[in-house]
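Proteins get letters first, then strands, A, B, ... in listed order; numbering begins at 1 in each. Atoms considered below: every heavy atom in the structure, side chains included; atoms not considered: hydrogens, waters and symmetry mates.
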There are 2 protein chains.
Amino acid sequence: MKNTEKITDAELEIMKVLWEKKSLTLNELVEELSKEEPKNKSTIKTLLYRLIDKNIVKSVEKNKKENEYKPLISEKKYLKSANETFLDKVYDGNVNNMLLNFVEDKKITKEEIEKLLNIIDE
Amino acid sequence: MKNTEKITDAELEIMKVLWEKKSLTLNELVEELSKEEPKNKSTIKTLLYRLIDKNIVKSVEKNKKENEYKPLISEKKYLKSANETFLDKVYDGNVNNMLLNFVEDKKITKEEIEKLLNIIDE
DNA sequence: ACTTACAGTTTACATCTGTAATCTTTTTTT
DNA sequence: AAAAAAAGATTACAGATGTAAACTGTAAGT
């Protein structure tokens, strides 16, 4: 699949909610997204339609009045693709270099790395 | 500075070369960028001008005929900003989650993490 | 000095993106 | 049944982006 990479920033905000909630009506979606700052329903509709066009979301009839929207690709899959794209684009695929920079920026601490080691050892 | 984040994908390719070579004429730049696949000079010109507009690159006279182009912001600074943007956008700032996903995708191996620990211990 | 070639600069243009309004079809309400 | 409300679907539009051509001024060759 290539579509995974074509999720834009605004669309991603929609997807995050859909991944978390699995399935939502438009109104539920708008409500979720408006928790922090109010969002325009029309805008969300457009983004949703674009995601449907791209086969990233599907629309299923819930009842006579409303549809439900469900993700067609998994978050894992998206993350894998997003990681790869970022790594290639910014670091030409060099993970070490990326990690070093995160450490330099104090984004990654020693504790986190040790935690990670433990997890890997399973 | 905010401009750092506004470097687009195509512009980034230009910047990578400028960061590495410090200073180049247009022709040198085109030559470098064309090593893998030939690039259109006109396109590179446009990207260069946009970077100049954004105060990310400066143009200095080299001789009567040609100018040299130099980066105005450091690669480190860009990387810091790019890391942050990616982390926030995709993982809502959760570094652990990001690392876990990189590990799952086999992008980060145990060896790399151990190497990293050594580096931090300095 | 005149022409040519090329660096520098400006303009063009299709597609993508964020944002939203409008139109159409159903469902509710009165 | 008629009117109102709302969901679904389409259209709009400005700014960003990738790609490249056109224009302009000057250096270089003859």
Side-chain angles (χ1 to χ4, degrees), chain A residues 2-18 23-34 36-70 78 82 85 88-90, chain B residues 2-18 23-34 36-70 78 82 85 88-90:
Chain A
K2 290 203 79 275
N3 286 337
T4 319
E5 292 133 303
K6 299 209 212 79
I7 297 175
T8 70
D9 290 4
E11 288 164 0
L12 182 56
E13 294 313 304
I14 308 275
M15 292 309 292
K16 282 182 183 173
V17 177
L18 289 183
S23 185
L24 291 174
T25 64
L26 174 62
N27 281 328
E28 289 166 345
L29 189 57
V30 173
E31 193 184 353
E32 276 299 319
L33 286 166
S34 298
E36 318 194 343
E37 27 176 346
K39 294 285 160 57
N40 184 296
K41 194 172 179 175
S42 226
T43 301
I44 294 180
K45 277 190 202 181
T46 302
L47 293 172
L48 211 40
Y49 276 96
R50 286 186 185 162
L51 285 164
I52 291 169
D53 265 358
K54 294 185 196 172
N55 276 303
I56 293 170
V57 163
K58 71 173 167 185
S59 168
V60 288
E61 194 169 287
K62 184 185 185 181
N63 51 48
K64 272 294 147 212
K65 191 175 176 58
E66 282 175 295
N67 286 16
E68 273 195 322
Y69 301 94
K70 298 170 190 287
Y78 166 74
T85 301
D88 286 347
K89 177 188 134 188
V90 177
Chain B
K2 289 202 79 277
N3 285 338
T4 319
E5 292 133 302
K6 299 209 213 79
I7 296 176
T8 70
D9 290 4
E11 287 166 359
L12 182 55
E13 294 313 304
I14 308 274
M15 291 309 293
K16 282 183 182 171
V17 177
L18 289 183
S23 184
L24 291 175
T25 63
L26 173 63
N27 281 327
E28 289 166 345
L29 189 56
V30 173
E31 194 184 354
E32 277 298 320
L33 288 165
S34 298
E36 317 193 343
E37 28 176 344
K39 296 285 159 57
N40 185 296
K41 194 172 178 176
S42 227
T43 301
I44 295 180
K45 278 189 202 183
T46 301
L47 293 172
L48 208 42
Y49 275 93
R50 286 186 184 161
L51 286 165
I52 291 170
D53 265 359
K54 294 185 196 172
N55 276 303
I56 293 171
V57 164
K58 71 173 166 183
S59 168
V60 286
E61 195 169 287
K62 185 185 186 183
N63 53 47
K64 273 293 144 212
K65 193 174 174 60
E66 281 175 294
N67 286 17
E68 273 195 323
Y69 300 94
K70 297 169 192 286
Y78 166 75
T85 301
D88 286 348
K89 176 187 133 189
V90 178

Donor-acceptor pair, side chain of A:E28 and main chain of A:T25, under 3.5 angstrom: yes
Which nucleotide wins on minimum distance to the side chain of [X], given the candidates [options]?
{"X": "A:T8", "options": "D:dA27, C:dT17, D:dG8", "answer": "C:dT17"}
{"X": "A:A10", "options": "D:dA20, C:dG18, D:dG8", "answer": "C:dG18"}
{"X": "B:K64", "options": "D:dA27, D:dA22, C:dA7", "answer": "D:dA27"}
{"X": "B:K65", "options": "D:dG8, C:dG8, C:dA7", "answer": "C:dA7"}
{"X": "A:Y49", "options": "D:dG8, C:dG8, D:dA21", "answer": "D:dG8"}
{"X": "B:N67", "options": "D:dA22, C:dT27, C:dG8", "answer": "C:dG8"}

Partner of B:I56 by side-chain contact (heavy atoms from CB on, under 4.5 Å), out of B:L48, B:I7, B:L18, B:I14: B:I7
Rounded to the Å, how far apart are [X] [atom1] and [N] [atom2]?
{"X": "A:I44", "N": "D:dA7", "atom1": "CD1", "atom2": "P", "result": "13 Å"}
{"X": "A:K41", "N": "C:dT22", "atom1": "NZ", "atom2": "P", "result": "16 Å"}
{"X": "A:D9", "N": "C:dC16", "atom1": "CG", "atom2": "P", "result": "16 Å"}
{"X": "B:I52", "N": "C:dA7", "atom1": "CD1", "atom2": "C1'", "result": "12 Å"}
{"X": "B:N27", "N": "C:dC6", "atom1": "CG", "atom2": "C1'", "result": "9 Å"}
{"X": "A:E66", "N": "D:dG8", "atom1": "CD", "atom2": "C1'", "result": "11 Å"}
{"X": "B:E61", "N": "D:dT26", "atom1": "CD", "atom2": "P", "result": "11 Å"}
{"X": "B:L12", "N": "D:dT17", "atom1": "CG", "atom2": "P", "result": "13 Å"}

Along DNA chain D (nearest heavy atom to each residue), the more 5'-positioned of B:N40 and A:K45: A:K45
Side-chain ion pair, A:E61 and A:K64, N-O less than 4.0 Å: yes
Cationic N near anionic O, under 4.0 Å, B:E11 to B:K6: no
Position toward the 5' end of DNA chain C (nearest nucleotide), A:K39 or A:N63: A:K39
Point-to-point distance, once rounded to the nearest 0.5 Å, from OH of B:Y69 to NZ of B:K58: 13.5 Å
Polar atoms only, N or O, under 3.5 Å: list the protein pairs with nucleotides 11-15 of chain C and their distances.
none

Between A:K41 and A:N27, a side-chain donor and acceptor under 3.5 Å: yes
Which atom of B:S59 lies closest to which atom of B:N67, heavy atoms considered: OG-ND2, 2.8 Å
